[in-house]
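Numbers restart at 1 for each chain; the letters A, B, ... are given by sequence-line order, proteins then strands.
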There are 2 protein chains.
Amino acid sequence: MMPRKRTGKTPAARGRLEPRRLPVQSRGRERTRQILDTTARLLEQVGIDDLTTILIADKLGISVGALYHYYPNKHAILHALGTRWLEEIASALDEIERQDLENFSLHEFLDLAVDRLLCVYKRQRAMLSLAQAFSSIPALRDLDEQHDCFVIQRLMAIFRRLGFSASGNELNRLGRTFHELTHALLLVIVNQHTIRASRTTADLKRMAFALLAPHRKEDLTATAVVEPP
Amino acid sequence: MMPRKRTGKTPAARGRLEPRRLPVQSRGRERTRQILDTTARLLEQVGIDDLTTILIADKLGISVGALYHYYPNKHAILHALGTRWLEEIASALDEIERQDLENFSLHEFLDLAVDRLLCVYKRQRAMLSLAQAFSSIPALRDLDEQHDCFVIQRLMAIFRRLGFSASGNELNRLGRTFHELTHALLLVIVNQHTIRASRTTADLKRMAFALLAPHRKEDLTATAVVEPP
DNA sequence: ATATAAACCGAATGATTATTCGGTTTATAT
DNA sequence: ATATAAACCGAATAATCATTCGGTTTATAT
C-alpha cells in the first residue's frame with residue numbers, strides 16, 4: 001500500500017501520530033487547520049484510497065515538505081482528523097449530560113440525543129468516508145476502539161441517570177447496541193433528502209425506544225409486545 | 001496504495017474482475033477455491049491492508065504466477081470473494097421467500113429472517129473484515145451498491161407479501177433501513193459470546209419489529225406508542 | 001510414448017508514493 | 001538593520017507491491 005507500514009526501522013518519526021509541533025507563528029497555526037480541512041475535503045471527494053500527501057499539498061497550494069513540517073507522517077494527519085471528529089461526538093455527549101436527565105422521559109432523551117448527534121454527522125459530512133472506514137484504517141483502529149469504549153462509558157452513565165434497571169454488564173451491552181444502531185442509521189440519514197431523512201430519523205428514534213424502554217420501568221407499559229431480556 | 005489503480009494504460013487485463021478462466025483440470029478448479037479460501041483466511045488474520053498477492057501465494061504454497069493464472073489481478077480475487085458472500089445472502093433471501101409469508105406474523109418473519117441471516121454472518125466470519133470495508137474498497141464499491149439495491153428489492157417484495165401498507169418509495173426506504181439495521185447489528189452479534197449474543201439478537205428483533213410494525217395493520221395494536229409515519 | 005496444453009514458477013519490471021534533506025524565503029525579535 | 005528561527009520548497013530517495021513473462025513441470029488425450 002505504501003512504501004512503509006510496519007517495519008522495524010524508525011528513520012525519524014515513524015510511529016508518531018501527534019502533530020510534529022505546535023506552530024509558533026500564526027501562519028503556521030493556520031496551516032495545521034488548513035491541512036486538516038483540505039484533507040477532509042479531499043477525503044470526501046476522492047476517498048481514502050486516492051488520498052496522497054502530494055495531492056493534499058497541491059490542493060492546499062503548499063509543498064509536501066511543508067506538510068511534513070507540521071505532521072510527522074500521513075497517518076498523523078488522518079489521526080488528527082479522526083480526533084477532531086471524535087471530539088465533536090464527545091462535545092455532543094457533554095451537552096446531553098448537562099441536561100437534567102433524571103427527569104427526562106425516554107422520548108425526550110431520544111429526541112435530544114438523536115437530533116444532537118445528527119447535527120454532528122451533518123456538519124462533519126466530509127468525515128463520513130473516514131468514519132465508515134475508521135476501523136479498517138490501521139492508523140485509526142486504536143483510536144476507534146478507544147473511542148467506542150469512551151462513548152459506551154458515557155452512555156452507561158446516561159442510562160443510569162435515566163433510571164435504567166440493569167447490571168453494569170448489561171448496561172455496557174446496551175450502550176454498544178445503541179451506539180452501533182445510531183451510527184449505522186445516522187450514516188444513512190445524512191445521505192437522504194429531507195423527507196426521507198426525517199422519516200428515517202423517526203424510525204431510528206422508534207427503534208432506539210424499543211431497545212431501551214424495557215430497561216426502564218416508567219416506559220414498560222408503553223411497549224406491551226416486548227419481552228424483557 | 002498499489003503500483004497501479006486507474007491509469008489509462010491497459011497492459012493486459014486491467015479492468016477485468018472475472019476469473020481469468022474456468023480451469024479445465026480438476027486441480028485447477030480446486031485451486032480457484034483454495035485461493036479464495038486462503039484469501040478469506042488471511043483477510044481475517046492480517047486485514048485488508050496487509051493482504052498482498054505474495055502473501056496469498058506463499059500461504060497457499062504456490063507462486064504469484066499461479067495466482068495470476070487464475071485471476072487477472074488482485075481485485076478480481078476480492079471481487080470473487082465479495083460475490084461469494086453476496087451469494088450467501090441471496091441464498092438466505094431465497095429461503096425466506098420460499099416460505100408462506102402471506103400467513104406469517106411479523107414476529108415469525110423476524111425470527112426466521114434474523115436467525116437465517118445470522119447463520120450466514122457466522123459461517124462467513126472470515127469475510128467480516130471484508131464486509132465491513134466493502135464500500136471503502138474501490139474494487140468492491142460497485143458490487144456493494146449493486147448488492148444493496150438487490151437486497152432492498154427483495155425486501156420490498158417480502159414486505160408486500162407480509163401485507164405492508166406503504167408506497168413503493170416508502171417501502172424502499174424501509175428496506176434500506178432494515179438492511180442497514182440488520183447488517184450493523186449482526187456484525188456486533190457475531191463478535192459477542194453466547195449470552196450477550198442471544199440478548200443482542202433479541203434486541204435486534206425487537207428493534208426491527210418497532211421499525212416494521214407501524215406498516216402492518218395486524219401488528220399496529222401491539223405498539224401503541226409509535227406514531228405512523 | 002509423445003504431443004499438446006494446462007498448471008506452475010519466481011526473478012525482473014514498472015508504477016506508485018511516503019518520506020527525507022539540503023537549501024531558500026519569510027517573519028520576528030533585538 | 002540583522003540575526004535567528006520558522007516556514008517552505010521540491011527533486012531525490014527508498015520501499016513496497018501488483019503484474020509480467022520466458023521458461024519448466026505436470027497432466028491428459030491420442
Side-chain angles (χ1 to χ4, degrees), chain A residues 1-17 19-35 39 42 46 48-58 60-78 138-139, chain B residues 1-17 19-35 39 42 46 48-58 60-79 137-139:
Chain A
M1 172 179 239
M2 299 150 223
R4 204 50 299 278
K5 211 174 311 167
R6 58 184 56 175
T7 317
K9 312 159 200 168
T10 306
R14 234 351 125 51
R16 296 180 57 80
L17 287 178
R20 194 180 280 279
R21 72 182 68 202
L22 268 280
V24 290
Q25 298 179 13
S26 66
R27 173 175 43 150
R29 223 176 337 266
E30 180 75 351
R31 270 287 137 79
T32 56
R33 208 177 44 70
Q34 289 177 334
I35 292 172
T39 305
L42 284 173
V46 306
I48 184 90
D49 277 297
D50 290 328
L51 185 74
T52 68
T53 50
I54 292 174
L55 183 63
I56 299 172
D58 279 356
L60 219 184
I62 65 176
S63 68
V64 271
L67 213 59
Y68 280 83
H69 183 69
Y70 295 105
Y71 293 94
N73 54 56
K74 184 183 164 184
H75 284 171
I77 302 176
L78 291 176
Chain B
M1 174 175 236
M2 298 151 222
R4 204 50 299 274
K5 211 174 310 170
R6 59 186 53 177
T7 317
K9 313 159 200 168
T10 305
R14 232 351 119 53
R16 295 180 57 80
L17 288 177
R20 195 180 279 278
R21 72 182 68 204
L22 268 281
V24 290
Q25 298 180 15
S26 66
R27 175 176 39 149
R29 225 179 334 270
E30 180 76 352
R31 269 288 136 79
T32 56
R33 207 177 45 71
Q34 290 177 332
I35 291 172
T39 304
L42 284 173
V46 305
I48 185 89
D49 277 297
D50 290 328
L51 186 74
T52 68
T53 51
I54 293 174
L55 183 63
I56 298 172
D58 279 357
L60 219 184
I62 65 176
S63 68
V64 272
L67 213 59
Y68 279 84
H69 182 69
Y70 295 104
Y71 294 94
N73 53 56
K74 185 183 164 185
H75 284 171
I77 303 177
L78 292 176
H79 195 271
I137 300 168

**Study point:** CG-CG distance between A:Leu17 and A:Asn73, expressed to the nearest 0.5 angstrom
**Key:**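 Interatomic distance, A:Leu17 CG to A:Asn73 CG, rounded to 0.5 Å: 6.0 Å.
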Exercise for review: Please assess B:Tyr71 against B:Thr32 for the test side-chain contact (heavy atoms from CB on, under 4.5 Å), listing each intermediate value before the final yes or no.
Suggested key: CA-CA 8 Å; B:Tyr71 294 94; B:Thr32 56; 3.9 Å; yes
Point to revise | B:Arg31 vs C:dC8: side-chain N/O to OP1/OP2 distance below 4.0 Å | key: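 Yes, such a contact exists.
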**Study point:** Phosphate OP1/OP2 of D:dG10 contacted by A:Ser63 side-chain N/O (<4.0 Å)
**Key:**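 No, no such contact exists.
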Starting from [atom2] on [N], measure out to [atom1] on [X] and report it in whole angstrom.
| X | N | atom1 | atom2 | result |
| --- | --- | --- | --- | --- |
| B:His69 | C:dG10 | NE2 | C1' | 16 Å |
| B:Leu51 | D:dT16 | CG | C1' | 14 Å |
| B:Leu60 | C:dC9 | CG | C1' | 14 Å |
| B:Leu67 | C:dA11 | CG | P | 16 Å |
| A:Tyr68 | D:dG10 | OH | P | 16 Å |
| B:Asp50 | D:dT16 | CG | P | 12 Å |
| B:Tyr70 | D:dT20 | OH | P | 17 Å |
| B:Leu78 | D:dA18 | CG | C1' | 12 Å |

Practice item. Begin from the C-alpha positions of B:Leu55 and B:Asp50 and carry the test side-chain contact (heavy atoms from CB on, under 4.5 Å) through to its verdict. Key: CA-CA 9 Å; B:Leu55 183 63; B:Asp50 290 328; 5.7 Å; no
Review point. A:Ile62 side chain: which of C:dG10, D:dC9, C:dC9 is closest?
Key: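 Among the listed nucleotides, the one closest to the side chain of A:Ile62 is D:dC9.
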Check your understanding: What nucleotide, of D:dT19, D:dC9, C:dA18, holds the atom closest to the side chain of A:Lys74?
Key ->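 Minimum distance to the A:Lys74 side chain belongs to C:dA18.
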Review point. For A:Thr52 and A:Gly65, take the nucleotide of DNA chain C holding the closest heavy atom to each; which residue's nucleotide lies nearer the 5' end?
Key: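 Per heavy-atom nearest nucleotide, the more 5' residue is A:Thr52.
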**Study point:** Steps toward side-chain contact (heavy atoms from CB on, under 4.5 Å) verdict (A:Ile77, A:Thr53)
**Key:** CA-CA 10 Å; A:Ile77 302 176; A:Thr53 50; 5.5 Å; no
Exercise for review: Searching all strands shown, indicate the nucleotide that pairs with C:dT28 (Watson-Crick or G-U wobble; both distances under 3.5 Å).
Suggested key: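 Partner of C:dT28: D:dA3.
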**Study point:** Mate of C:dT20 where both pairing distances stay under 3.5 Å, Watson-Crick or G-U
**Key:**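 Paired with D:dA11.
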Check your understanding: Checking side-chain contact (heavy atoms from CB on, under 4.5 Å) for the pair B:Leu67/B:Ile35: CA distance, chi angles, key distance, verdict?
Key -> CA-CA 8 Å; B:Leu67 213 59; B:Ile35 291 172; 3.8 Å; yes
